[in-house]
Amino acid sequence: MSDSSDSVKTVSSQPDAKITTRHTRKMRVSTDRQDNSVRKIKIKVPPFSPDDPELWFALLEGQFESDNITDDHIKFRNVTNNLDLQYGKSVKDIIINPPAKNRYEKIKTELIKRLSASHEKKVKQLLTHEELGDRKPSQFLRHLQDLAGPSVPDDFLKSIWSNRLPHNMQTVLAVIIL
């Protein structure tokens with residue numbers, strides 16, 4: 001009998017009955033832990049949002065922080081591995097030729113700059129195009145605040161917001177505010 005094979009033994013306890021038992025070899029399982037420098041970390045990366053890359057990076061950085069990821073190359077690879085081709089094209093120069101240092105910060109800065117609407121465009125959108133639609137009034141106000149940024153005064157923004165609400169809501173707000 002070889003050490004590498006299973007052994008089979010047939011036992012007969014009664015003349016007509018044959019019972020077959022199989023003896024298997026015990027295998028040694030390693031309990032050594034994997035070296036921390038080689039371990040793979042899988043983080044939950046939200047789908048990339050070209051409409052709001054700043055928010056996407058904030059969510060991604062929360063994942064980095066939770067998993068104690070500080071390595072610039074790992075952060076950079078997490079970004080490039082989770083970009084759709086159409087958005088990767090907007091930073092193709094950085095992906096193909098990444099800087100030696102601070103590559104994560106570089107791709108973050110450029111994606112935000114290249115995909116975000118300019119402040120001027122956002123303010124124009126705020127002043128001309130935005131309507132309540134199917135949003136709740138509070139959601140609509142937050143959307144307008146996001147478009148306006150910190151430079152537009154709150155009272156001016158609330159005036160725009162209230163004027164774009166349906167007439168019946170404007171009446172209710174006028175009663176509440178007075």
Side-chain angles (χ1 to χ4, degrees), residues 27-162 164-165 169 173:
M27 297 187 71
R28 183 171 183 264
V29 178
S30 173
T31 57
D32 296 341
R33 294 186 184 245
Q34 194 175 10
D35 182 9
N36 282 341
S37 64
V38 182
R39 72 184 172 109
K40 291 196 177 214
I41 299 172
K42 289 191 177 186
I43 65 171
K44 182 182 173 188
V45 179
F48 181 71
S49 172
D51 297 332
D52 199 348
E54 287 178 285
L55 175 62
W56 185 77
F57 276 104
L59 294 170
L60 183 61
E61 288 170 359
Q63 291 295 316
F64 290 154
E65 189 176 319
S66 294
D67 291 323
N68 295 317
I69 298 173
T70 57
D71 185 81
D72 187 53
H73 286 76
I74 293 172
K75 288 178 167 185
F76 180 81
R77 282 292 153 222
N78 270 288
V79 171
T80 58
N81 291 343
N82 288 286
L83 279 179
D84 287 339
L85 186 59
Q86 67 188 49
Y87 308 118
K89 285 181 179 182
S90 68
V91 287
K92 177 181 176 181
D93 55 323
I94 299 166
I95 294 171
I96 291 175
N97 234 345
K101 292 183 179 182
N102 299 322
R103 50 179 68 188
Y104 169 75
E105 283 302 320
K106 179 68 174 176
I107 199 166
K108 174 185 172 182
T109 302
E110 291 303 314
L111 270 170
I112 291 170
K113 183 170 80 176
R114 295 175 189 184
L115 294 179
S116 295
S118 70
H119 180 67
E120 180 183 313
K121 185 176 177 183
K122 285 182 176 182
V123 170
K124 185 176 181 179
Q125 182 180 351
L126 166 73
L127 295 173
T128 59
H129 300 297
E130 290 306 302
E131 294 179 12
L132 176 65
D134 61 352
R135 296 177 270 218
K136 294 179 182 177
S138 59
Q139 292 172 322
F140 183 50
L141 178 59
R142 282 191 298 274
H143 174 68
L144 294 177
Q145 288 169 330
D146 185 50
L147 286 174
S151 62
V152 177
D154 249 4
D155 55 341
F156 178 69
L157 189 62
K158 286 183 180 175
S159 174
I160 292 173
W161 169 73
S162 65
R164 300 231 178 118
L165 292 175
M169 285 186 187
L173 279 175

Please report the shortest heavy-atom distance between [X] and [Y], naming the atom on each side.
X: Phe57; Y: Ile107; answer: CZ-O, 4.4 Å
X: Leu83; Y: Gly88; answer: CD1-CA, 4.1 Å
X: Glu131; Y: Arg135; answer: O-NH2, 2.7 Å
X: Gln63; Y: Lys44; answer: CG-O, 3.1 Å

Determine whether a donor-acceptor pair (N or O, by modelled atom type, separation under 3.5 Å) exists between the side chain of Asp84 and the backbone of Gln86.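 It does not hold such a pair.
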
Side chain Thr109, main chain Glu105, donor-acceptor under 3.5 Å: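 Between the backbone of Glu105 and the side chain of Thr109 there is a qualifying donor-acceptor contact (under 3.5 Å).
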
Once side chain to side chain contact (heavy atoms under 4.5 Å, CB included) is applied, do any residues pair with Gln145, and if so which ones, sequence neighbours excluded?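 By the side chain to side chain contact (heavy atoms under 4.5 Å, CB included) rule, Gln145 matches Leu141, Arg142, Asp154, Leu157.
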
Report yes if the side chains of [X] and [Y] come closer than 4.5 Å at any heavy-atom pair, otherwise no.
X: Lys108; Y: Glu61; answer: yes
X: Ile43; Y: Leu60; answer: yes
X: Ile94; Y: Phe76; answer: yes
X: Leu55; Y: Ser49; answer: no
X: Asn82; Y: Phe48; answer: no
X: Trp56; Y: Pro47; answer: no
X: Leu111; Y: Val79; answer: yes

Working to the nearest 0.5 Å, report the span between [atom1] of [X] and [atom2] of [Y].
X: Leu132; Y: Gln139; atom1: CG; atom2: CD; value: 9.0 Å
X: Ile160; Y: Leu165; atom1: CD1; atom2: CG; value: 12.0 Å
X: Tyr104; Y: Thr70; atom1: OH; atom2: OG1; value: 12.5 Å
X: Ser159; Y: Arg164; atom1: OG; atom2: CZ; value: 10.0 Å
X: Arg77; Y: Ile95; atom1: CZ; atom2: CD1; value: 8.0 Å

Acceptor/donor pairs from residues 96-103 side chains to any protein atom, 3.5 angstrom cut, sequence neighbours excluded:
unit_1, atom_1, unit_2, atom_2, d
Arg103, NE, Pro99, O, 3.2
Arg103, NH2, Pro99, O, 3.4

Could you tell me which residues satisfy side-chain hydrogen bond (donor to acceptor under 3.5 Å, both in side chains) with Glu54, sequence neighbours excluded, listed by chain and number?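 Expected list: none.
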
Could you go through the side-chain contact (heavy atoms from CB on, under 4.5 Å) check for Phe64 and Ile74 one step at a time? CA-CA 10 Å; Phe64 290 154; Ile74 293 172; 5.6 Å; no

